[in-house]
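Some notes on the structure that comes next.
From a predicted model like this one, the values you see are computed outputs, not experimental measurements.
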2 protein chains.
Amino acid sequence: MEASAQDLTPTGRVILGMLRLGKRTGYEIKQIVDVSTRFFWAASYGQIYPELKRLEERGLVGSRSEPTGGRARTEYRLTATGERALDDWLASEAEPAHEVRDEAMLKLFFSEGRDTEEVLETVRALRRKHESVVARLREIHPEPVDPDPGPYLTLEYGLGLHDWAIEWCKRTERRLERRLARSAREKARV
Amino acid sequence: MEASAQDLTPTGRVILGMLRLGKRTGYEIKQIVDVSTRFFWAASYGQIYPELKRLEERGLVGSRSEPTGGRARTEYRLTATGERALDDWLASEAEPAHEVRDEAMLKLFFSEGRDTEEVLETVRALRRKHESVVARLREIHPEPVDPDPGPYLTLEYGLGLHDWAIEWCKRTERRLERRLARSAREKARV
DNA sequence: TGGCTCATGTAAGCCGTTACATGATTTT
DNA sequence: AAAATCATGTAACGGCTTACATGAGCCA
């Protein structure tokens, strides 16, 4: 039985993809993940190093010791099997995983009856969060040009999505501010 | 030492929140999560039942056996301490967790050089996915009216967000279709 | 009477983060 | 000389999903 796309672990996918993009060491993979896919797919050292070894055992990657002076360093590359597994995964029509954990939304869900001022602070914090993501995304590529699929496409998606979220926050903040002003007026009347 | 908001586990938060909304059994909590928060915060039986027991040990919830005929059934309710923990969490200014795992985006990130037709299929599948989410969200509340924070606010967010994603997919599909037509013309010329 | 819903739980396993440990090289 | 960066790894723990196991009540 051939190793198929379904056998790739989540972190295995990132690793194979990054190796094809020319990354070589576990360290390098982690660095690039942290400024690219981590906005929709993170990976930690605790996953990357063990997974590289497992991928090697399964023949999807090969390794070579390439120290920098006295500093240990292992370069990895895709094998033909690994490349096939990557392509199979990319072409696979299995329902792609999509998970979200958004604590701010969970707070808002349970916010009926809370002080408007407090809720407002939750929304403002959420907006600031999305703004900081947008800022970091803009740093990555200040001048998007490449119309092809690949890193630019997902960057553009991220920018658009977080921009939308910022606008939603602003609208919601205005709504809550009006509520606040209204209840202040009512209080004054009493 | 008082139990503070920081001690609440992720699932613990959902449970306390749902109990305040009037849910009573683990089963009921799971049912409601599956048609509400699960779009931004899921929970499974394997987490809910053990967590209810832990919350009880810590005094944040209380339980009472309330069988339906011969069918075992345990009703839970918030204690004063639990209510305080919930409020503390809602008001806490700790950076709220925000995690995304979007396999479709990961595929697109690694899609440089893939057949345009294949990439197009990935984007179409993504659009269908968002469309099905929007369809399910619309079923929940066909006529949103409530302007207050709470379930309606997050529903509105979900609808807007997934709608935005659908539009992005459509734009991207058109872009890729043009690319496909262009390369078909070029091939014809050769 | 058969299937669905209500209801509770456990066990195995996967996946992941954090913190720790180590040490060389490069930059300031 | 110190701090940052390059580089690799492990251990402990947390959290979650899936599958399994069980059984009562309700409806067609």
Side-chain angles (χ1 to χ4, degrees), chain A residues 6-15 18 23-35 37-38 40-58 61 63-76 94-95 97-103 106, chain B residues 6-15 18 23-35 37-38 40-58 61 63-76 94-95 97-103 106:
Chain A
Q6 277 61 43
D7 300 326
L8 286 182
T9 61
T11 303
R13 292 168 193 159
V14 193
I15 290 177
M18 288 302 183
K23 305 310 157 194
R24 291 187 168 78
T25 67
Y27 185 82
E28 213 178 338
I29 289 171
K30 166 71 170 155
Q31 301 313 299
I32 199 76
V33 161
D34 279 348
V35 292
T37 65
R38 78 110 171 225
F40 47 84
W41 203 281
S44 65
Y45 288 128
Q47 282 291 108
I48 291 170
Y49 286 116
E51 183 64 23
L52 276 167
K53 295 198 166 168
R54 283 189 289 264
L55 289 169
E56 184 165 27
E57 274 167 36
R58 294 178 45 202
V61 307
S63 75
R64 220 165 37 173
S65 179
E66 294 282 347
T68 317
R71 185 162 55 192
R73 199 167 154 278
T74 308
E75 286 192 358
Y76 289 88
E95 176 88 336
H98 184 88
E99 284 147 56
V100 178
R101 263 190 168 225
D102 189 336
E103 195 183 338
L106 192 65
Chain B
Q6 275 62 43
D7 301 325
L8 285 182
T9 62
T11 303
R13 291 165 193 160
V14 193
I15 290 177
M18 288 303 183
K23 305 311 157 195
R24 291 185 167 80
T25 69
Y27 185 82
E28 211 178 341
I29 289 172
K30 167 68 170 158
Q31 301 313 301
I32 199 76
V33 162
D34 279 349
V35 293
T37 65
R38 78 111 170 222
F40 48 83
W41 203 281
S44 65
Y45 288 127
Q47 282 292 109
I48 292 171
Y49 286 116
E51 183 63 23
L52 277 167
K53 295 198 168 170
R54 284 190 289 266
L55 290 170
E56 183 166 27
E57 273 167 38
R58 293 177 46 204
V61 306
S63 74
R64 222 167 36 173
S65 180
E66 293 282 348
T68 316
R71 186 160 57 192
R73 198 164 156 281
T74 308
E75 285 192 358
Y76 289 88
E95 176 87 337
H98 185 89
E99 286 146 54
V100 178
R101 258 180 178 232
D102 188 336
E103 195 184 336
L106 192 66

NZ of A:Lys30 versus P of D:dG9: gap in Å, rounded? 16 Å
Rounded to whole angstroms, how far apart are CD on A:Glu66 and C1' on D:dA7? 14 Å
Grab the CZ-P distance between B:Arg24 and C:dA7 for me, whole Å please. 12 Å
Once you apply a heavy-atom cut-off of 4.0 Å, does B:Gly26 come out as touching a base, just sugar-phosphate, or nothing? sugar-phosphate
If you only use heavy atoms from C-beta on, which nucleotide in D:dA7, C:dC15, C:dT10 is closest to the side chain of A:Thr68? D:dA7
Nearest of C:dC15, C:dT5, D:dC16 to any side-chain atom of A:Thr9? C:dC15
Among the nucleotides D:dT17, C:dC15, C:dG9, which one has an atom lying closest to any side-chain atom of B:Tyr76? C:dG9
Once you round it to whole Å, what is the distance between P of D:dC6 and CD of A:Glu75? 15 Å
Would you mind classifying the nucleic acid contact of A:Arg101 as base, sugar-phosphate or nothing, using non-hydrogen atoms under 4.0 angstrom? sugar-phosphate
B:Thr11 vs D:dG15: side-chain N/O to OP1/OP2 distance below 4.0 Å: no
Run through B:Thr11, B:Leu52, B:Val14, B:Thr9 and flag the one making a side chain to side chain contact (heavy atoms under 4.5 Å, CB included) with B:Gln47. B:Thr11
Choosing from D:dC16, D:dT17, C:dA7, which nucleotide comes nearest the side chain of B:Pro10? D:dC16
Sugar-phosphate only, base, or nothing, as touched by A:Lys53 at under 4.0 Å among non-hydrogen atoms: sugar-phosphate
Between B:Glu56 and B:Ser63, does any side-chain donor sit less than 3.5 Å from a side-chain acceptor? yes
Evaluate the side-chain contact (heavy atoms from CB on, under 4.5 Å) criterion for residues A:Arg101 and B:Phe40: first the C-alpha distance (whole Å), next the side-chain angles of each, then the deciding distance (0.1 Å), finally the verdict. CA-CA 5 Å; A:Arg101 263 190 168 225; B:Phe40 48 83; over 6 Å; no
By nearest heavy atom, map A:Gly46 and B:Ala72 onto DNA chain C; which one lands nearer the 5' end? B:Ala72
Just to be sure I understand the rule, does A:Thr25 reach a base, reach only the sugar-phosphate, or reach nothing, if contact means heavy atoms closer than 4.0 Å? sugar-phosphate
Please figure out whether A:Gln47 or A:Arg73 has its closest DNA chain D nucleotide nearer the 5' end. A:Arg73
To the nearest angstrom, the CD1-P distance between B:Ile15 and D:dC16 comes to 10 Å
What is the distance, to the nearest angstrom, from the CG atom on A:Asp34 to the P atom on C:dT18? 11 Å
Between C:dT22 atom P and A:Tyr27 atom OH, what is the distance in whole Å? 19 Å
Does this structure show an ion pair linking A:Arg73 with A:Glu75, if we count only N-O contacts that are shorter than 4.0 Å? yes
Can you tell me how far P of D:dG9 sits from CD of A:Glu28, to the nearest Å? 15 Å
Given side-chain contact (heavy atoms from CB on, under 4.5 Å), test A:Glu51 with A:Leu55 step by step and report yes or no. CA-CA 6 Å; A:Glu51 183 64 23; A:Leu55 289 169; 3.7 Å; yes
Using OP1 and OP2 only, check whether a side-chain N or O of A:Tyr45 sits under 4.0 Å from D:dG9. no
